[in-house]
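Each remark here refers to the structure printed beneath this line.
Chain naming here is simple, since letters A, B, ... match the order of the sequence lines and numbering starts at 1 in each.
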Amino acid sequence: MRAQFRSRIRIVLALVVCAALFIFMRLYFVQIVYGEEYAQKADRQFASGGSGLFDRGSIYFTRKDGTTISAATLSSGFLVAINPQTITDPEAAYAAITAVASSSLSYSAFLAAAAKKTQVYIEVAHHLSEENGKKLAAQAIRGIQVLRERWRDYPGATLAAHSIGIVSYGSGHTLAGQTGLEATYDDLLSRSGDALYKNFFAELFSNVGNLLVSAKDAREGDIVTTIEPEVQTRLENDIANVSQRYASQESGGIIMDPRTGAIIALAMYPTYDANNRQNVNPSLLGNPLAEHVHEFGSIMKPLTMAAGLDAEVITPQTTYNDTGCITVNTKQVCNWDLKARGFIPMKQVIVQSLNLGAAWVAAELGQEKFRGYFTTLFGQKTGIDLPNEGRALLNNLSHSQQINYTTAAYGQGIAMTPLQMIRALSTLANGGIMVQPHLVSTIRLNSGIERKLDWSKTIPVFGAKAVRDTAEMMTAVVDEKLESGKAKIPTMSVAAKTGTAQLTNGQGGYYSDRFFHSFIGFFPSYNPQFIILLYTNDPRNVTYASDTLGSTFLDLTHFLIDYYAVPPDRGFATTTPS
Amino acid sequence: MTSLCVTLVAVLTVAYVGLIAVAMSYAALTVEFSQSVRNDEAAVAVLERQYFVTMTHITKTDYAAAGYTTPSVKVFVPAKSVTALR
């Protein structure tokens, strides 16, 4: 009896072991040998044919209170595909699809697709909402497949489109970042295909270490930008208004923290809707603020002045004899109004924007020192985290003709990107050092680790005394000159400078009636939190930058003071006529 | 001795089958959670889009056209004001 029981137990045990072995073998084949195939099969129950569901890390804006909000994320919904071999009533199918599809679907194109009887899968509509997709699927129309899909979504649409960039197929077969931060941080944002299906069982066999500490989780993640969405919206709106009002070719603006190089807003007009790029001119997809170079005109003068002060060839009290026009290397150089001022101090060079004053400072500096300062300021790329950054054109400074230094002193004959320009001018706002402009402050890895990026590398250029004296001169521009002194803010010192450069005609000369307008400003003047660079290219029926960009700069300044509650830094009269 | 071995094998087998069940449940839950996270992200994106649209609308509002007038006098908060330093 006992032996009989024991043998029965053994039989049962053998059966259990066999069952376990069978399950073990089955699992081995299902998860390891055919694991990928089954994963794709599962995907295709909801995903489009040919690939798994699209997956990618997010890009975030940072609001002033430190909270984040998506600049680029993923949306999910459904696509509709037809099987021409099984579709029985194309007209009814078309009616059912167009009833729920948001995109316009051509009737003739649909019928043409349905007539391709050699094919079994043709996608006819994308980006259906959850509700509409499920509604269509519930109708169970023969020959229509409703499949889950995910796509890149930019909730802000046009907001910071040039900085955020786009994802597209490019020249390859996989979606990848092509421009902007999408391209720069593509390795971090991209996801490998099996992210959705963590094959626990297979990893038990293949890589226990990977199961505990995933290498992918340590290299894939999201990025957090320094862009503040409300400031970005304001800047974009103001820039668009300027461009439209003066029919400019293009306009741009950058708002940066001069102490850290963190870019708070970076706007360009014309722009594009990142969610709808069907009719977008490809030339708009880059970032002109990082890629295109311009001759900026008189906003260069404060840098010339700071160089002269730093080299101690001048002091703020130094005077020069302004004759209105001079001849350098047989070329005539004049003030903007052709008028002579006689003996005047350095401050007036900035306040009245005198070309001859800047030329005189450059001459006092000498070619070698001038070249040294300007090569330090513009000789290198800024290193911003955007692709295809342009280089400054400083060829004129490699020649010995003085006219090249004369014109460079007031911003003509040398060209740089707007980002290089704001970085150089930020030296006047932060004690004389060049910071590294950047758009991304933090990386959030999937492993949960949050890593702050190190942008602390600085390049010393000017001494603190030189930049303070220059900032004082620029503050006088707002207090005394801009809008005839009405722009002065009694409780806030604001430093600024306008720039109006003639546009090159492409034949070695300049147009006499076409201009590039620029505007630089920072506040509070002696401990700035914000530096603003604005420009508009080829505005019509207007000559001076103070007319095109002055009010825009003031609007942004007042907005930033209110929005960030910047405390007053001086206490003049508290009431002023509007 | 034999019974001990048999018991051990039985326990190990049951434990193994249990582990398989746990692994399968874990895999299923992972897939489910991943999808649910993505769905929630998509829902948040819809709300974020509404936020951006509202923000743009406020920024673009022409207050003069809406009937507001420019103030005749601007009063600035003095530097030493308690309010300003708060």
Side-chain angles (χ1 to χ4, degrees), chain A residues 6 9-10 12-13 16-17 19-20 23-24 27 31 42 46 53 55 58 69-71 73-77 129-130 148 150 153-159 195-201 204 229-230 233-234 236-238 275 489-492 565 567-578, chain B residues 2-3 5-7 9-10 12-14 16-17 19-31 33-35 37-61 69-81 83-86:
Chain A
R6 199 177 291 165
I9 286 289
R10 281 178 186 160
V12 169
L13 186 65
V16 169
V17 170
I23 292 170
F24 177 84
L27 273 171
Q31 293 216 332
F46 283 106
L53 283 171
D55 196 12
S58 296
I69 185 164
S70 297
T73 184
L74 292 174
S75 278
S76 62
S129 66
E130 287 281 328
R148 175 151 319 262
R150 278 204 300 257
D153 186 24
Y154 302 92
T158 59
L159 198 64
L196 188 61
Y197 297 97
K198 177 78 85 175
N199 199 331
F200 186 88
F201 187 79
L204 265 180
E230 294 208 28
T233 303
R234 185 76 170 209
E236 284 186 10
N237 185 56
D238 283 5
N275 291 322
I489 303 176
T491 54
M492 180 69 67
D569 76 329
R570 63 184 185 183
F572 293 155
T574 58
T575 304
T576 183
S578 176
Chain B
T2 311
S3 65
C5 286
V6 168
T7 311
V9 169
L12 282 174
T13 307
V14 170
Y16 185 70
V17 171
L19 269 176
I20 289 168
V22 168
M24 298 302 283
S25 306
Y26 174 81
L29 283 173
T30 304
V31 172
F33 287 159
S34 296
Q35 189 57 50
V37 166
R38 291 306 185 198
N39 288 345
D40 289 347
E41 279 180 355
V44 170
V46 172
L47 296 173
E48 287 171 331
R49 183 174 292 109
Q50 287 172 5
Y51 166 74
F52 287 129
V53 168
T54 307
M55 196 169 65
T56 306
H57 174 71
I58 291 169
T59 302
K60 287 187 173 174
T61 299
T69 55
T70 310
S72 55
V73 170
K74 287 180 190 170
V75 178
F76 290 86
V77 180
K80 289 180 182 174
S81 150
T83 311
L85 298 175
R86 191 168 55 192

*Between L13(A), V16(A), T73(A), which shows the greatest number of heavy-atom pairs under 4.5 Å with chain B?*
L13(A)

*Is Y16(B) close to I23(A) at the side-chain level, that is, under 4.5 Å between some pair of heavy atoms?*
no

*Atom group of S3(B) that falls short of 4.5 Å from chain A, counting heavy atoms*: neither

_Looking at chain B, which one of A157(A), G156(A), S70(A) has the largest number of heavy-atom pairs inside 4.5 Å, strictly under?_
S70(A)

*Below 4.5 Å from any heavy atom of chain A, which atoms of Y51(B) appear? Answer side chain, backbone, both or neither.*
side chain

_Closer than 3.5 angstrom, by distance alone: can the side chain of R570(A) be matched with the main-chain N or O of I489(A) as a donor-acceptor pair?_
yes

*Could you look at L74(A) and say if it's the side chain, the backbone, both or neither that has a heavy atom under 4.5 Å from chain B?*
both

*Can you name the closest pair of heavy atoms from A71(A) and P155(A) and give their distance?*
O-CD, 3.6 Å

*Name the region of T13(B), side chain, backbone, both or neither, that has any atom closer than 4.5 Å to a heavy atom of chain A.*
side chain

_side chain to side chain contact (heavy atoms under 4.5 Å, CB included) for T56(B) and E236(A)? Distances and angles first, verdict last._
CA-CA 10 Å; T56(B) 306; E236(A) 284 186 10; over 6 Å; no

_Interface residue of largest heavy-atom contact number with chain A, from Q50(B), E41(B), K60(B), under 4.5 Å_ = K60(B)

_Verdict with reasoning, R38(B) to L53(A), per side chain to side chain contact (heavy atoms under 4.5 Å, CB included)_ = CA-CA 11 Å; R38(B) 291 306 185 198; L53(A) 283 171; over 6 Å; no

*Just do the side chain to side chain contact (heavy atoms under 4.5 Å, CB included) check on R6(A) and V6(B) with the steps written out, would you?*
CA-CA 10 Å; R6(A) 199 177 291 165; V6(B) 168; over 6 Å; no

*What residue, out of P229(A), A20(A), A565(A), has the most heavy-atom pairs lying under 4.5 Å from chain B?*
P229(A)

